[in-house]
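Note that these values count all heavy atoms, side chains included, but never hydrogens, waters or copies made by symmetry. Counting from 1, the numbers follow the sequence of the chain as shown.
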Amino acid sequence: MALSREQREIARCYKQPGYFLSTYARIYDATRREWIPFELWPAQVDALATLQQQRQTVILKARQLGLSWLTLGYALWLMLFHPAAAVLFFSRRDEEAKYMLSDERLRGMWARLPEWLRSGITATTSGAHEWTLSNGSSARAFPTTGGRSYTATLAVVDEADFCDDLDTLLNAVKPTIDAGGALILLST
């Protein structure tokens, strides 16, 4: 039995997160005030390969390079194509952590995917601090003082250089990935 075009695309997206992001993901352009296709630059493709290959990654970034979007897109790819993925987002303040899950970021990317690509996966929980999908994947947002009791597929610390006590945070977050998860520190 031949696969449909959509089934072939789902299989390709599963194998290639860069293809998934550059073909189907959309990001919000604050200048244009609209959601636009996420056209990956060569450096973003390289960074994505690093995120896939390394368990611990530190990204020193300038603003407007799309690396926060890339990390969110990678988290979304994990949640869609690796059921029961657990993603933890940490940021200095609670408001910033919740923003990463918001309709303007992760949930916004999800909402703009083609319906067939979501393959019947629905959001079962959609709160300010937690977003759970029907395939068992979840994303949670914490200020840098929370999240220690979870096991993570991916833990992301946004604006790590602004954390009041990064050593304490890392000592708390590191055990959440010890079962094979990954840690990404983003910092300007």
Side-chain angles (χ1 to χ4, degrees), residues 13 17-82 85-113 126 128-131 133 137-147 152-164 166 169-170 173 176-177 181-188:
C13 288
Y19 176 77
F20 163 71
L21 293 176
S22 63
T23 307
Y24 296 106
R26 300 181 77 76
I27 60 174
Y28 187 74
D29 183 318
T31 303
R32 293 166 52 180
R33 297 180 183 209
E34 64 182 345
W35 287 85
I36 62 171
F38 193 177
E39 298 174 4
L40 297 181
W41 300 332
Q44 290 170 320
V45 172
D46 293 343
L48 183 58
T50 299
L51 296 181
Q52 287 183 267
Q53 295 165 4
Q54 301 299 319
R55 290 198 53 236
Q56 297 179 30
T57 307
V58 176
I59 299 175
L60 180 60
K61 64 183 185 90
R63 296 197 179 276
Q64 305 303 317
L65 294 181
L67 292 169
S68 294
W69 280 112
L70 185 70
T71 302
L72 287 168
Y74 179 59
L76 181 59
W77 176 80
L78 283 172
M79 292 177 69
L80 279 176
F81 296 105
H82 296 271
V87 179
L88 306 179
F89 291 106
F90 296 88
S91 197
R92 184 171 176 232
R93 296 182 322 178
D94 190 48
E95 287 303 311
E96 293 155 343
K98 292 186 302 188
Y99 182 63
M100 295 179 80
L101 288 187
S102 74
D103 292 339
E104 297 173 42
R105 292 290 186 249
L106 186 64
R107 283 194 298 257
M109 290 179 87
W110 159 262
R112 286 156 181 82
L113 292 174
S126 188
H129 290 96
E130 182 178 2
W131 184 52
L133 300 178
S137 291
S138 64
R140 290 180 171 82
F142 302 96
T144 53
T145 56
T153 306
L154 176 65
V156 178
V157 180
D158 189 39
E159 297 298 353
D161 57 336
F162 292 105
C163 293
D164 292 330
L166 186 58
L169 174 65
L170 292 178
V173 172
T176 71
I177 64 160
L183 172 64
I184 300 170
L185 300 181
L186 292 170
S187 201
T188 51

*Asks:* Could you tell me which non-hydrogen atom of G73 sits nearest to which non-hydrogen atom of L21, and how far apart they are?
*Replies:* CA-CD2, 3.5 Å

*Asks:* Sequence neighbours left out, what passes side chain to side chain contact (heavy atoms under 4.5 Å, CB included) with S22? Give chain and number order.
*Replies:* L40

*Asks:* Quick one: pull up OG in S68 and CD1 in I27 and give me the separation to the nearest 0.5 Å.
*Replies:*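 Result: 10.5 Å between the selected atoms.
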
*Asks:* Look up atom CG in L88 and atom CD1 in I177, then write down how far apart they are to the nearest 0.5 Å.
*Replies:*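 Separation between the atoms: 10.0 Å.
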
*Asks:* Which atoms form the tightest heavy-atom contact between A97 and S91, and what is the distance?
*Replies:* N-CB, 3.6 Å

*Asks:* Of the non-hydrogen atoms in E104 and W69, which two are nearest, and what is the gap between them?
*Replies:* O-CH2, 3.3 Å

*Asks:* So, the side chain of R112 versus the backbone of R26: is there a donor-acceptor pair under 3.5 Å, distance only?
*Replies:* no

*Asks:* Tell me, please, which residues at least two apart from R105 pass side-chain hydrogen bond (donor to acceptor under 3.5 Å, both in side chains).
*Replies:*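 Result, side-chain hydrogen bond (donor to acceptor under 3.5 Å, both in side chains) vs R105: Y99.
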
*Asks:* Closest approach of M100 and D158, non-hydrogen atoms and distance?
*Replies:*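 Closest approach of M100 to D158, heavy atoms only: SD-CB, 3.8 Å.
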
*Asks:* Work out which heavy atom in G181 is nearest to a heavy atom in R55; give both atom names and the distance.
*Replies:* O-NE, 2.8 Å

*Asks:* Return the CG to CZ distance between L76 and R107, rounded to the nearest 0.5 Å.
*Replies:* 12.5 Å

*Asks:* Indicate yes or no: does R93 engage E95 in a salt bridge with an N to O separation below 4.0 Å.
*Replies:* no

*Asks:* If I take atom CG from residue L60 and atom CG from residue L185, how far apart are they, to the nearest 0.5 angstrom?
*Replies:*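 The CG atom of L185 is 11.0 Å from CG of L60, to the nearest 0.5 Å.
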
*Asks:* Do you know which two heavy atoms are closest between R32 and D29, and how far apart they sit?
*Replies:*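 Heavy-atom minimum between the residues: N-OD1, 2.9 Å.
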
*Asks:* Between F20 and F81, does the ring centroid distance fall short of 6.0 Å?
*Replies:*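 Yes, the ring centres sit under 6.0 Å apart.
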
*Asks:* Could you grab the distance from atom OG1 of T71 to atom CG of L106, nearest 0.5 Å is fine?
*Replies:*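 Those atoms lie 11.5 Å apart.
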
